[in-house]
Structures are given as structure tokens and as C-alpha cells.
Amino acid sequence: MARNGAARVPLFDAFRHQAREIALAAGVGLTPFAFFYVSGTYLTTYAHGELG
């Protein structure tokens, strides 16, 4: 913290004090994209294998 009470690098201060919340928010934000990617890849591979 700087002398006047403000953080010099607010991003580092946020990670230091709220790392769990930031990681949780990132996971919640990335989950739909990961699900779409995995399901799309699986369905494409499955369809290609079954239908030829």
C-alpha cells in the first residue's frame, strides 16, 4: 500500500486479498466456452465415426 492508503498496483492488491473470488469468477466465465468446445468436438468426432 502507498502512504496515502491507495494501492500502487490495484490488480496485485486484488489478487492478494481476493484470489479465491477471482478464480471462481474466471471459472464461472470459462465453463460455458469449455462445455461448448468439448461437446462440439465430441459430437463432430462421433458423427464422423458413425456416419463415415
Side-chain angles (χ1 to χ4, degrees):
M1 300 271 277
R3 292 179 190 222
N4 63 359
R8 290 185 188 167
V9 183
L11 185 63
F12 294 157
D13 197 33
F15 274 107
R16 186 176 317 136
H17 296 293
Q18 297 178 340
R20 181 173 181 242
E21 290 83 359
I22 292 171
L24 184 62
V28 167
L30 290 176
T31 299
F33 295 106
F35 177 74
F36 177 76
Y37 176 76
V38 170
S39 62
T41 303
Y42 172 75
L43 289 174
T44 303
T45 305
Y46 178 77
H48 181 68
E50 290 296 315
L51 302 176

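Please read these numbers as outputs of a predicted model, since none were measured by experiment.
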(request) Tell me who clusters with Leu43, hydrophobic residues only, linked when side chains sit under 4.5 Å apart either directly or through other members. (result) Tyr42, Tyr46
(request) If you link ILVMFWY side chains whenever their heavy atoms are less than 4.5 Å apart, which other residues fall into the same cluster as Val38? By chain and number, please. (result) Tyr37
Let me check something: any side-chain donor-acceptor pairs from residues 18-34 under 3.5 Å, sequence neighbours excluded? List them with distances.
{"unit_1": "Thr31", "atom_1": "OG1", "unit_2": "Gly27", "atom_2": "O", "d": "2.5"}

